[in-house]
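Right, one structure below, let's go through it.
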Amino acid sequence: MSEINSITLKKPDDWHVHLRDGDMLKRVLPYTSKDFARAIIMPNLVPPVCTTAEAMAYKQRILSALPNGHNFTPLMVVYLTEDTQPDDLEQGYKSGAIQAVKLYPAGATTNSESGVKDFGKVHHVFERMAQIGMPLLVHGEVVDADIDIFDREAVFIDKVLEPIVQKFPALKVVMEHITTKDAADYIRSKDANLAATITPHHLMINRNAMLVGGIKPHYYCLPIVKRESHRLALVVAAVSGDKRFFLGTDSAPHSDEAKLQACGCAGVFNAPNAIICCATLFEQQNALNKLEGFLSINGPTYYGLPVNEAEITLVKTDKALNLAAEYKQLDGALTVFDPLTPLFWRIKE
Ligand code: DOR
Ligand code: ZN
């Protein structure tokens with residue numbers, strides 16, 4: 001373990017978050033807007049955010065829900081459908097209204113029903129995005145009923161992603177929330193156009209946390225958490241300093257009522273402790289010197305945006321964070337990610 005008790009970083013960004021809408025937006029946004037300067041906002045609302053105009057309207061709703069004094073910029077994303085218009089994307093991207101496009105294979109996850117069934121039908125969209133340098137953000141799982149849920153990411157790489165990368169080598173692609181050694185190795189085997197986000201939960205827990213000693217729905221998310229060897233491969237990628245890996249929390253709040261069901265929703269709500277989870281993990285790995293790259297530098301570098309000027313200081317305390325006490329105001333109705341390891345880091349106010 002390192003002896004470092006305090007570390008100052010450029011303010012982090014979250015390159016993948018679900019802020020939802022309406023009341024849920026008001027409840028969860030302050031956690032993201034307090035700790036992060038910017039975030040890539042997922043568009044899988046009901047109905048999804050499918051055009052530049054819809055993304056601009058959603059951005060206004062987010063800005064209206066911001067607490068006073070929070071300096072936060074939502075980076076908007078359009079949900080790719082088989083009807084997406086390349087001209088709309090180009091105008092939105094060039095005007096700065098939108099930052100990226102999200103590809104959900106239809107049926108892969110929460111609110112993905114409007115996603116893509118036939119990838120050939122969006123090739124003309126990829127072509128335009130490659131021309132203008134607009135990133136494609138990919139939920140990397142196949143949905144075939146005969147593919148085991150634990151294999152869906154690896155199969156997606158072979159069957160869907162590699163053909164896209166071969167056909168559109170100039171396309172910038174972020175493989176979101178990678179969960180396997182296969183994905184980490186695949187990213188490293190390619191050039192700088194291909195990058196990946198990694199979540200705090202996939203870095204800190206494996207599938208035993210979800211399934212041993214009783215089923216734990218709060219650890220159920222998609223892509224599903226994998227075995228320990230995959231978690232370790234993600235940790236190696238995150239702490240390596242390789243610029244192609246950066247934080248995307250995939251914080252995806254669902255009420256406890258929606259999670260604790262015979263058929264519960266997928267998603268982990270980690271916005272409140274994402275940064276301190278990462279600090280804890282990087283310290284365990286003796287890699288605190290790589291934390292700023294993962295949280296604050298690699299993401300903007302990939303997106304061609306400036307690194308934040310603001311800074312945050314993380315301090316180490318003697319007393320582990322008490323999750324239940326700290327997030328009491330959430331009233332038990334929205335459970336915060338428990339990484340099953342004590343958290344001794346805090347963000348200095
Ligand atoms: O666990 C997940 N929850 N994975 C996703 O891809 C979507 C997300 C959500 O929106 O709830
Ligand atoms: Zn997500």
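Counting from 1, the numbers follow the sequence of the chain as shown. Counting starts at 1 for both ligands and their atoms, in listed order.
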Using modelled atom types only, decide if a donor and an acceptor are shared between the side chain of [X] and the backbone of [Y] within a distance under 3.5 Å.
| X | Y | answer |
| --- | --- | --- |
| Asp250 | Val268 | no |
| Ser33 | Leu66 | no |
| Lys117 | Gly115 | no |
| Ser251 | Ala271 | yes |

Under 4.0 Å from ligand 1, counting heavy atoms only, is it the side chain of His16, its backbone, both or neither?
->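 Near ligand 1, His16 shows nothing, with every heavy atom at 4.0 Å or more.
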Given that the side chain starts at C-beta and the backbone is N, CA, C, O, which of these parts of Val268 lies under 4.0 Å from ligand 1, counting heavy atoms, or is it both or neither?
->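 Looking at Val268 and ligand 1, no heavy atom falls under 4.0 Å.
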[atom]: nearest protein contact (heavy atom, Å):
| atom | result |
| --- | --- |
| atom 7 (C) of ligand 1 | Thr109 OG1, 3.2 Å |
| atom 3 (N) of ligand 1 | Ala266 O, 2.9 Å |
| atom 4 (N) of ligand 1 | Leu222 O, 2.8 Å |

May I ask you to check whether His177 brings an N, O or S atom to under 2.8 Å from the Zn ion (ligand 2)?
->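 Checking the Zn ion (ligand 2) against His177, no N, O or S atom falls under 2.8 Å.
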Are any N, O or S atoms from His139 nearer to the Zn ion (ligand 2) than 2.8 Å?
-> no
Do any nitrogen or oxygen atoms of Thr110 come within less than 3.5 Å of a nitrogen or oxygen of ligand 1?
->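 It does: an N or O of Thr110 is found under 3.5 Å from an N or O of ligand 1.
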Got a sec: does the CG of Asp185 have more than 12 other heavy atoms crowding it under 6.0 Å?
->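 Correct, the count exceeds 12.
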Is the ring centre of His202 less than 6.0 Å from the ring centre of His230?
->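 Not close enough - the centres of the two rings lie 6.0 Å or further apart.
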Salt bridge Lys121-Glu82, side-chain N to carboxylate O under 4.0 Å = yes
With a 4.0 Å cut-off on heavy atoms, is His201 touching ligand 1?
->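 Not so, His201 does not reach ligand 1.
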Answer with yes or no whether His254 contacts ligand 1, where contact means a heavy atom under 4.0 Å from a ligand atom.
->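 So His254 counts as touching ligand 1.
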For the residue pair Tyr104 and Tyr79, categorise the inter-ring angle as parallel (less than 30°), tilted (30 to 60°) or perpendicular (more than 60°).
->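 Judged by the thresholds at 30° and 60°, the geometry between Tyr104 and Tyr79 is tilted.
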Determine the interplanar angle of the Trp15 and Tyr303 rings, folded into 0 to 90°, and report it as parallel if under 30°, tilted if 30 to 60°, perpendicular if over 60°.
->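 It falls in the parallel class, under 30°.
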Enumerated ligand 1 atoms positioned under 4.0 Å from heavy atoms of [X]:
| X | value |
| --- | --- |
| Ala252 | 3 (N), 8 (C), 9 (C), 11 (O) |
| Cys221 | 1 (O) |
| His139 | 6 (O) |

Taking the N/O/S atoms of Asp250 one by one, which is nearest to the Zn ion (ligand 2)?
->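 For Asp250, the N, O or S atom at the smallest distance from the Zn ion (ligand 2) is OD1.
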